[in-house]
Amino acid sequence: MRTAVLAVAIIAFSADLYEEFTNFPGQFEIHHIFEFAATLGLVWLLWLEIQAGVELRQALRREREQVERLSGELSKHVEQCFRSWQLTPAEFDVAWLLLKGFSFAEIGALRDVKEKTVRHQATSIYGKAKVSGRSELSATFLEDVLTTNFDEKATQREKSSED
């Protein structure tokens, strides 16, 4: 929005200057200097605004790439845990769907099995993972992420307090 306002202001000032110089040649007044300076200032602000937009888009792209990378790493970690728990292929699928927040009924519908079957598979998953339920299953992976981040921040705080 600011970019558009700046562009409109630049066009208005430029059009006014053009009109005055073409309709009244040779009549140079002090306000022309101010209009020209204002136009240059607006052009400079527009340039800064465009540069900020470019930098913001680049930062957003880098952040998206990092999210994709971290998401991939988390997915690999989850799959490694599933393999270490020796989940069956059906349990593997159910575990992913549980982590994604699907209900037992939804998982049953997606997998074309009865809800009771999904409940039995979930119970088996919880046992193999040594957790008591869905919340603990999810927390297992969330804890890995938060603990790592917390440990890094704690270490940074300790270093900065020593300085």
Side-chain angles (χ1 to χ4, degrees), residues 1-83 92-112 118 122 125 129 131 133-163:
M1 181 67 180
R2 289 186 305 207
T3 306
V5 171
L6 287 171
V8 168
I10 291 168
I11 292 168
F13 273 105
S14 299
D16 183 54
L17 282 170
Y18 177 77
E19 179 188 0
E20 288 182 14
F21 284 121
T22 55
N23 291 339
F24 307 105
Q27 294 183 357
F28 182 76
E29 298 179 14
I30 193 75
H31 81 275
H32 292 128
I33 293 172
F34 291 116
E35 284 183 12
F36 185 71
T39 303
L40 287 178
L42 290 170
V43 168
W44 180 69
L45 286 174
L46 179 62
W47 173 254
L48 292 177
E49 188 73 21
I50 290 170
Q51 285 299 106
V54 166
E55 289 171 10
L56 187 60
R57 281 189 293 280
Q58 289 172 344
L60 180 60
R61 180 185 45 77
R62 285 190 302 272
E63 291 298 320
R64 283 183 177 152
E65 289 170 356
Q66 183 175 5
V67 166
E68 287 178 23
R69 183 182 55 77
L70 293 174
S71 177
E73 288 176 17
L74 180 59
S75 293
K76 287 178 186 176
H77 176 68
V78 170
E79 288 179 10
Q80 287 172 347
C81 288
F82 287 178
R83 281 193 293 280
F92 194 96
D93 293 344
V94 170
W96 267 117
L97 295 170
L98 287 171
L99 289 176
K100 289 185 176 196
F102 287 92
S103 69
F104 293 137
E106 291 170 325
I107 295 171
L110 286 169
R111 301 196 71 249
D112 199 28
V118 175
I125 293 165
V131 298
R134 181 193 304 242
S135 298
E136 268 190 68
L137 180 67
S138 297
T140 300
F141 303 108
L142 188 57
E143 184 178 342
D144 291 344
V145 172
L146 293 179
T147 302
T148 302
N149 194 11
F150 179 76
D151 290 345
E152 289 172 3
K153 287 183 180 181
T155 303
Q156 289 173 353
R157 280 194 300 273
E158 288 173 8
K159 285 181 182 178
S160 65
S161 66
E162 291 172 2
D163 294 337

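Keep in mind that what you see is a predicted model, and the values were worked out from it rather than measured. What you see below is based on every heavy atom in this structure, not just the backbone, and it leaves out hydrogens, waters and symmetry mates.
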Qualifying residue, where the test is side-chain contact (heavy atoms from CB on, under 4.5 Å) with Cys81 and the options are Arg83, Glu79, His77: His77
With rounding to the nearest 0.5 angstrom, report the [atom1] to [atom2] distance, [X] to [Y].
X: Leu45; Y: Thr3; atom1: CG; atom2: OG1; answer: 10.5 Å
X: Thr22; Y: Leu17; atom1: OG1; atom2: CG; answer: 10.5 Å
X: Trp96; Y: Ile125; atom1: CH2; atom2: CD1; answer: 12.5 Å
X: Leu137; Y: Leu98; atom1: CG; atom2: CG; answer: 6.5 Å
X: Lys76; Y: Ser71; atom1: NZ; atom2: OG; answer: 11.0 Å
X: Ile11; Y: Thr39; atom1: CD1; atom2: OG1; answer: 11.5 Å

Sequence neighbours left out, what passes salt bridge (Lys or Arg N to Asp or Glu O under 4.0 Å) with [X]? Give chain and number order.
X: Glu73; value: Arg69
X: Glu65; value: Arg61
X: Asp16; value: none

Please list, chain by chain and in numerical order, all residues satisfying ring pair (Phe, Tyr, Trp, His ring centres under 6.0 Å) with Phe36, sequence neighbours excluded. none
Per the salt bridge (Lys or Arg N to Asp or Glu O under 4.0 Å) rule, what does the pair list look like for residues 40-55, sequence neighbours excluded? Arg2-Glu49
Sub-4.5 Å side-chain heavy-atom contact between Glu20 and His31: yes
Do Leu99 and Phe82 have side chains that get closer than 4.5 Å, going by heavy atoms? yes
Should we say atom CZ of Phe21 is surrounded by more than 12 heavy atoms from elsewhere, each under 6.0 Å from it? yes
Please lay out, stage by stage, how Arg111 and Asp93 fare under the test side chain to side chain contact (heavy atoms under 4.5 Å, CB included). CA-CA 9 Å; Arg111 301 196 71 249; Asp93 293 344; 3.7 Å; yes
By side-chain contact (heavy atoms from CB on, under 4.5 Å) - contacts of Arg64 (at least two apart): Leu60
